[in-house]
Amino acid sequence: MEWLTLRSNEKTLLDRIKEIERKWQERWEKAHVFEADPDESKPKFFVTFPYPYVNAYPHLGGAFTILRVDVTARYKRMRGYNVLFPQGWHATGGPIVASALRLREGDKKIIETLKSMGVKDDEIEKFKNPEYWVSYFSKGWREDLKKFGMSIDWRREFHTTSLNPYYSKFIEWQYLKLKEKGLVGKGEHPVVWCPKENKVVGDHDRPDEYAGISPVEAVIIKFRTSDDLILPALTFRPETIYGVTNVWVDPDHEYLIAEVDGEKWVINDYMARELAEQKHTVRVEGRIQGKELLGRTARNPVTGDEVPILPAKFVDPELGTGIVMSVPAHAPYDYVALMELKENPEILKMYGLSEDIVKELEPIPLIKVEGYSRIPAKDAVARRGIKQQTERWKLDDATKEIYAKEYHTGVLLEITGQWAGRKVSEVKDAIIEWMVSKGFAITVHTLPERVYCRCGARTHVKLVSDQWFLLYSKPEWKRLAHRAVDKMRFLPTSLREVFHKNIDWLRDWACTHKRELGTPLPWDKDWVIESLSDSTIYMAYYTLAKYLQHPEKYGIRPEQLIPEVFDYVLLGRGDVNEVARKSGIPTNLLEEMRREFLYWYPVDLRISGKDLIPNHLTFFIFHHVAIFPEEHWPRGIGTNGWILVSGEKMSKHKGNFILLRQAIDWWGADATRWAEILAGADAGLDDANFEPEVAKSAIEELLGWIRFAESNYGKGRTSRLAIDDWFESVLNRTIIEVTEAMEATNYKTALVKAYYNMQNYYKWYIKRAGEPNRDVLKRYIEVVTLMIAPFAPHTAEEVWERIGKEPFISTARWPEPEKEKINPEIERAEELVRHVLEDIREIRKFVKDARKAKVIIAAEWKYNFVSRILEKRSSGLDLRRAIQEAIKDLASEHRKSAGRLVKPIMQNPEILSVFVKREVEIRALSEATEFLARESGIDEVEVVLEEEVQALKKTPLPAKPAIILE
RNA sequence: GCGGGGGUGCCCGAGCCUGGCCAAAGGGGUCGGGCUUAGGACCCGAUGGCGUAGGCCUGCGUGGGUUCAAAUCCCACCCCCCGCACCA
């Protein structure tokens, strides 16, 4: 990777940076700077990062979000808050278990992944145990985050699952509460099932190419032959039953004859098994070759038509039921297959069929679609030039097109009877319901394509009947969640609406799994609480982890954590002495824990990537409103987008995948932080773009600031210039703007304003002033260092120490703006000087040999006039009216000349925003003549008043003096 | 389809809420100059078109509209990205 190559001098710089970082990390730890305990004298701020799943080391993406949390924590600390920033680790769920199993099977990919993360050969063996993943990677995360400079209170660290019985007790308590309130219930649920291993097959249990394929609902329509065999045609488009011309089978496949729910069905092995797993009774009675069915007819249950059974190559006997109803008008496959039969009667002959059998079969249109002929399938096929049913790729494409168009915009024709005139999308569900109720069809859960388990077996859909659900669809629960959302603070603010929508949209959630890491459901121990479901209110656990996770200090054993303990500590219920007696935990310790909880709770801000909005963050709200009283509901949620690297999504495949530890190794912590912030760390949903180049140059930037600060602090002149006021005004205004951006967690904006914009102002200041004023320079160095401290804390600490401050900048106060020094008029005047400089330069382009510039200030009355205009405007008038009104107010001798100003003012409305009092303009320009001359390369600049000259070609305006070059 | 986020100059990207210092910040690239033995790094300048006085024209997805004034407000349309679940 290119950005790895640092030249030797840069390497030295990097070593210096790393040394500084190590030094401060050690000092912070030694001084316990980030360990937060209740302190009633200070306001608290509780900020969290969703605990990461510990199956790998952190990469730049996770680091990005947690960096925003750290910046928040550091900023709030500087604002005088007692900040709690804890961190735990998530191990609940399937992937770790699945990876451990795969490793046991000798899976090369897992070995490769582990090696790529730096796991040594002789250690890989240990990863066959899921537990080892948890301890290994939580350690890795902790190390990396420390090196990244996270201001975490590590005493509260923990990991989830029964591997941590303390946490498990807490989760058990939560679920007992939910059950008490009737928010957990049992139900049926379709899952992808491996018949060989007898288990649910999640994404992590499959080869990658099968990930993300979930069960879908399909309809099986029953076509009956004269001898009472049922031909069950599986379809996703039951509405097209009105256009069926025939039924397709694979002549070379051997179907089963099975009794399904008391009827004789012709069906494939696959669906026989799938139906059996979905509450249907299936008994196999015999077999039948597809070709034996050919030539018979079957009755369309809806229309009553007798349709022929015909052969088709495209029929996949292992998908669906292996039997397909043919709707040539609206299904490209069917259309092509039918045309092939018509054009090649020898196929029919081969099976001993008469060619007459297809002669009269014509597509039957039943849906009208804008932009298509009566037979849309024909259009789609013709457009792609499809000739044969074996052209799968094109046919699939055509099918997709027709399906989407007909579903969303198609209108049902007369032939569909009661449904005629309606849109497909509107009545589809009703059609299904009707067909099922009439006994014409059944619905079934199936997979849209073949999905294999990692073990090699083909999976099918099973209906699990004793599945536990979180009953999110309960209206009362949703109502409370909405109320919480109404009260919360969101960053960005647009998130509020998103959450309301998500709450409405959320349905019951299957909250238990089997054979995964986690906490067993307390009343049904075969099940383990699923990962999203066990990570909803654990922020409360951070307030207790300090006690629970340290038996060496507090002596609490897991079995002492009876529900009454959590009832008391988290909800204030019960008599503390009674709880102490029952649990054996001393009263004072229980009370201390209760106090700790009450001090920190609720969560003030939870910052996360945008991916958690529809799931975890919504659950987070739901569970809080279910368990806790209103005063402990979450107060805020902030989100950010993903990190891209050089404009592309990070992936190992592309070679732009960067682990946090690699980044820190290459650029150090602060430069990495700096580049991540600049990548786009404002609150929002947009992705941020990390540029390795920026990280590289940040190393020098940061060392440059240390050098600049150290060597300039205390330097400078003692005299006072007008331009000093300008710089102080800008500096103080910047503090206000940066503070606003910090409050909104718009950290890129804040950093750009605090550092880069200030640096530009400083350059201008030096250009104007020559040498800076000593006090102003000191203040500049202090303020900028303080403002970048949340972003580059190690660098800031180093500067702080070198300019003689102590103890830590991490606990120093955020700069207060000296509001009295903010002077908009001075800033406008400076702006005006800049405009004049630009204008002189512009004119010089045309008058190259000019030696002298005369700057002619507008006459006194014009200032009154313009300030009148501004008054009128601020009372709501538009510009033209404001000018008219202002003219009326003028003394009569000026009215005529004022009329002549209307056009120039309309043409240069910017003068209104730079307008200052005449004296201020005169002074600013007079003091800047030397500067203007120097910068424009002219010998002399002279400021003259309009009253002192006559016969001007140009009209001077306030804030826009006339300029004459000579 | 539903929900969300976007479309800005050669590229990336700010601005849009709160209309006017916006031909549009900041990077990158390119061109020119300085520095240097040379390269790199660094510094200065230029980078829509036209123009011998600070100007004019074109311009922020497309088309309309509101306004003295629109990248910014309103309406319609086109295009791109993300999510749509039992999974971390």
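To find a chain, count down the sequence lines: A is the first, B the second, and so on, and within it residues start at 1.
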Heavy-atom distance under 4.5 Å between the side chains of A:H835 and A:V914, does that happen here?
yes
How would you summarise protein contacts on nucleotides 21-34 of chain B per nucleotide, using B for base, S for sugar-phosphate only and - for none, with heavy-atom distances below 4.0 Å?
B-------------
Could you tell me whether A:G684 contacts a base, only the sugar-phosphate backbone, or nothing, with contacts defined as non-hydrogen atoms closer than 4.0 Å?
nothing
Separation of the P atoms in B:C17 and B:A53, to the nearest angstrom
37 Å
With a 4.0 Å cut-off on heavy atoms, is A:P904 in touch with a base, just the backbone sugar-phosphate, or nothing at all?
nothing
Could you state the atom-to-atom distance from CD1 of A:I911 to C1' of B:A69 in whole Å?
15 Å
Taking the cut-offs as 6.0 angstrom to the six-membered ring centre and 45 degrees off its axis, would you call A:K514 and A:W527 a cation-pi pair?
yes
Quick one: list whatever passes salt bridge (charged side-chain N to carboxylate O under 4.0 Å, His left out) with A:E239, sequence neighbours left out.
A:R237, A:K428
Parallel, tilted or perpendicular, judged at 30° and 60°: which one describes the rings of A:F490 and A:F499?
parallel
Classify A:T749 by what it touches in the nucleic acid, base, sugar-phosphate, or nothing, heavy-atom distance under 4.0 Å.
nothing
Using the C1' atoms only, state how far B:G5 lies from B:C16, rounded to an integer number of Å.
15 Å
How long is the line joining CD of A:E693 and C1' of B:A41, in whole Å?
12 Å
Tell me every residue that passes salt bridge (charged side-chain N to carboxylate O under 4.0 Å, His left out) with A:D839, counting only those two or more places apart in sequence or in another chain.
A:K960
Pairing string of RNA chain B (Watson-Crick or G-U wobble, both atom distances under 3.5 Å; | = paired to other strand) is ((((((((.[[[..)....(.....]]]((((((.......))))))(((....)))...[[[[[..)....]]]]])))))))....
Separation of the P atoms in B:G65 and B:G59, to the nearest angstrom:
15 Å
Given atom CD of A:E838 and atom P of B:G55, what is their separation to the nearest angstrom?
11 Å
For the aromatic rings, using the six-membered ring if either is Trp, is the centroid distance between A:F619 and A:W509 under 6.0 Å?
yes
Check against side chain to side chain contact (heavy atoms under 4.5 Å, CB included), A:L612 and A:F620
CA-CA 10 Å; A:L612 299 187; A:F620 164 64; over 6 Å; no
Polar side-chain contact A:R873-B:G20 base: donor and acceptor under 3.5 Å:
yes
Scan nucleotides 80-86 of chain B nucleotide by nucleotide, 5' to 3', and note B when protein non-hydrogen atoms come under 4.0 Å of the base, S if they reach only the sugar-phosphate, - if neither.
---SSBB
Can the ring centres of A:W705 and A:Y755 be said to be less than 6.0 Å apart?
yes
Rounded P spacing from B:A71 to B:U58 in Å
12 Å
Which nucleotides of nucleotides 47-53 of chain B have their base under 4.0 Å from a protein heavy atom (B), which only their sugar-phosphate (S), and which neither (-), written as one string 5' to 3'?
----BSB
Quickly work out the A:D205 CG to B:C87 P distance and round it to whole Å.
9 Å
Centre-to-centre under 6.0 Å for A:H159 and A:H90, is that the case here?
no
Please measure how far the C1' atom in B:A70 lies from the corresponding atom in B:C86, and state the result in whole Å.
48 Å
Do the side chains of A:E838 and A:R834 get close enough for a salt bridge, i.e. N-O under 4.0 angstrom?
yes
So for A:N55 and B:A88, does any side-chain atom that can act as donor or acceptor lie under 3.5 Å from a complementary atom in the base?
no
For the C1' atoms, the ones on B:C73 and on B:C31, what distance do you get once it is rounded to whole angstrom?
40 Å
Between atom CD1 in A:I96 and atom P in B:C87, what is the gap in whole Å?
15 Å
Are A:Y756 and A:Y761 an aromatic pair, judged by ring center distance below 6.0 Å?
no
Using whole Å, report how far NZ of A:K903 lies from C1' of B:C56.
12 Å
C1'-based separation of B:C79 from B:U62 [nearest Å]
10 Å
Within the structure shown, what part of the strands sits under 4.0 Å from A:A962 by heavy-atom distance: base, sugar-phosphate, or nothing?
base
Would a distance-only check, ignoring hydrogens and angles, find a side-chain to backbone donor-acceptor pair under 3.5 Å from A:Y747 to A:L678?
no
When rounded to whole Å, the CD1 to P distance for the pair A:I643 and B:G13 reads 13 Å
Can you sort out the partners of A:E942 under side chain to side chain donor-acceptor pair (under 3.5 Å), two or more places apart, ordered by chain and number?
A:K852
Rounded to whole angstrom units, what separation is found between the CD atom of A:E497 and the P atom of B:C2?
17 Å
What residues form a salt bridge (charged side-chain N to carboxylate O under 4.0 Å, His left out) with A:D687, not counting sequence neighbours?
A:K610
Contacts of A:E827 that satisfy salt bridge (charged side-chain N to carboxylate O under 4.0 Å, His left out) - sequence neighbours left out
A:R733
Could you pull out all residues at least two apart from A:E740 that satisfy side chain to side chain donor-acceptor pair (under 3.5 Å)?
none
Regarding A:E516, tell me which of base, sugar-phosphate or nothing describes its non-hydrogen contacts under 4.0 Å with the strands shown.
sugar-phosphate
Any residue meeting side chain to side chain donor-acceptor pair (under 3.5 Å) with A:E217, in chain and number order, not counting sequence neighbours
none
Which whole number of Å gives the distance between the P atom of B:G7 and that of B:G15?
10 Å
Closest-nucleotide mapping onto RNA chain B: is A:G202 or A:K501 further toward the 5' terminus? I mean the 5' end.
A:K501
Tabulate atom names and distances for all N/O pairs under 3.5 angstrom spanning the protein and nucleotides 5-8 of chain B.
{"residue": "B:G5", "atom": "O2'", "partner": "A:D686", "partner atom": "OD1", "Å": "2.8"}

Would you call the rings of A:H623 and A:Y175 parallel, tilted or perpendicular, taking 30° and 60° as the class edges?
tilted
